[in-house]
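This report concerns only the one structure given below.
First the proteins, then the strands, lettered A, B, ... as listed; each starts at 1.
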Amino acid sequence: NAGVTQTPKFRVLKTGQSMTLLCAQDMNHEYMYWYRQDPGMGLRLIHYSVGEGTTAKGEVPDGYNVSRLKKQNFLLGLESAAPSQTSVYFCATRYREETQYFGPGTRLLVL
Amino acid sequence: RKEVEQDPGPFNVPEGATVAFNCTYSNSASQSFFWYRQDCRKEPKLLMSVYSSGNEDGRFTAQLNRASQYISLLIRDSKLSDSATYLCVVNIVNPPNMLTFGGGTRLMVKP
């Protein structure tokens, strides 16, 4: 039982490059979330999903796209990376009214 | 105004001290409340939920004041291992099942 895993753990991109972050969970949770965490800003919600095939925008969705084709996976895409997207990205899952469980994070540096 | 506000600290305390953090939230319709702990370069993890009647878990006590819209966390007999950032988290009603995080309060316990 791995819980919530994120791939990759660390990545360096050049401005304009694209990449996809993968979040995988084996807890059969309906809800999944992508956050970014920046110094002094706390965790900010990018996009979220309340079930397979559904996604919605969070607080800071611009520059990101997501997909939830399978219940266990939630993908976060950056089509054209910008230095402002340098951050730590956390995925989280939640079952109904229970607490959220976080993945270990992905550190992204955009040069 | 941020939806969830915390004093960023740092709070520097000696081992054995008692320390208290407060957090204020702006949405009076908020339904549930939590304290998360985040260690450096790690993911946030649930420390405890906060109930209207107040609740205690070992050295940790959480209180909720709905009238004044604030939440508190008290740590007694601080240990070196308590050094971390403590995140105040609120479940905002709309959209549902979405948590809003405060920026966190950093605690450093010194020998």
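No part of Gln6(B) comes within reach of chain A, as not one of its non-hydrogen atoms sits under 4.5 angstrom from that chain. For Leu43(A), the parts sitting under 4.5 Å from any heavy atom of chain B are the backbone and the side chain alike. The part of Gln37(A) that comes within reach of chain B is its side chain, from C-beta onward, which places non-hydrogen atoms under 4.5 angstrom from that chain. For Tyr101(A), no part sits under 4.5 Å from any heavy atom of chain B, backbone or side chain. Neither the backbone nor the side chain of Pro8(B) comes within less than 4.5 Å of any heavy atom in chain A.
Grouping the Ile, Leu, Val, Met, Phe, Trp and Tyr side chains by contacts below 4.5 angstrom, directly or via other members, places Val60(A) with Leu78(A). Taking hydrophobic clusters as Ile, Leu, Val, Met, Phe, Trp and Tyr residues chained together by side-chain heavy-atom distances below 4.5 Å, Phe21(B) shares a cluster with Val4(B). Phe11(B) and Leu73(B) fall within the same hydrophobic cluster, where Ile, Leu, Val, Met, Phe, Trp and Tyr residues are linked whenever their side-chain heavy atoms come under 4.5 Å apart, directly or through other members. By the rule that hydrophobic residues join a cluster once side-chain heavy atoms approach within less than 4.5 Å of another member, Val89(B) and Tyr70(B) end up as members of separate clusters. Hydrophobic clustering (side-chain heavy atoms under 4.5 Å, transitive across Ile, Leu, Val, Met, Phe, Trp, Tyr) keeps Trp35(B) apart from Leu74(B).
Residue-level contacts of residues 102-111 of chain B with chain A, in order of numbering, are Gly102(B), Gly103(B); threshold 4.5 Å between heavy atoms. Contacts with chain B (heavy atom to heavy atom, under 4.5 Å) involve these residues of residues 102-111 of chain A, listed by number: Phe102(A), Gly103(A), Pro104(A), Arg107(A).
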Q: Apply side chain to side chain contact (heavy atoms under 4.5 Å, CB included) to Arg94(A) and Leu99(B), showing your working.
A: CA-CA 10 Å; Arg94(A) 190 177 188 191; Leu99(B) 302 182; 3.7 Å; yes
Q. Could you go step by step and tell me if Gln100(A) and Phe101(B) meet the side chain to side chain contact (heavy atoms under 4.5 Å, CB included) rule?
A. CA-CA 12 Å; Gln100(A) 288 189 358; Phe101(B) 289 77; 4.2 Å; yes
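Enclosure of atom CD in Glu79(A) is not indicated, since only 12 or fewer non-hydrogen atoms of other residues, nucleotides or ligands lie within 6.0 angstrom. Other residues, nucleotides and ligands place no more than 12 heavy atoms under 6.0 Å from the NZ atom of Lys45(B).
Residues Lys42(B) and Phe90(A) share a closest heavy-atom pair of O-CZ, 3.6 Å.
With a 4.5 Å cut-off on side-chain heavy atoms, Thr99(A) and Ser49(B) do not count as touching.
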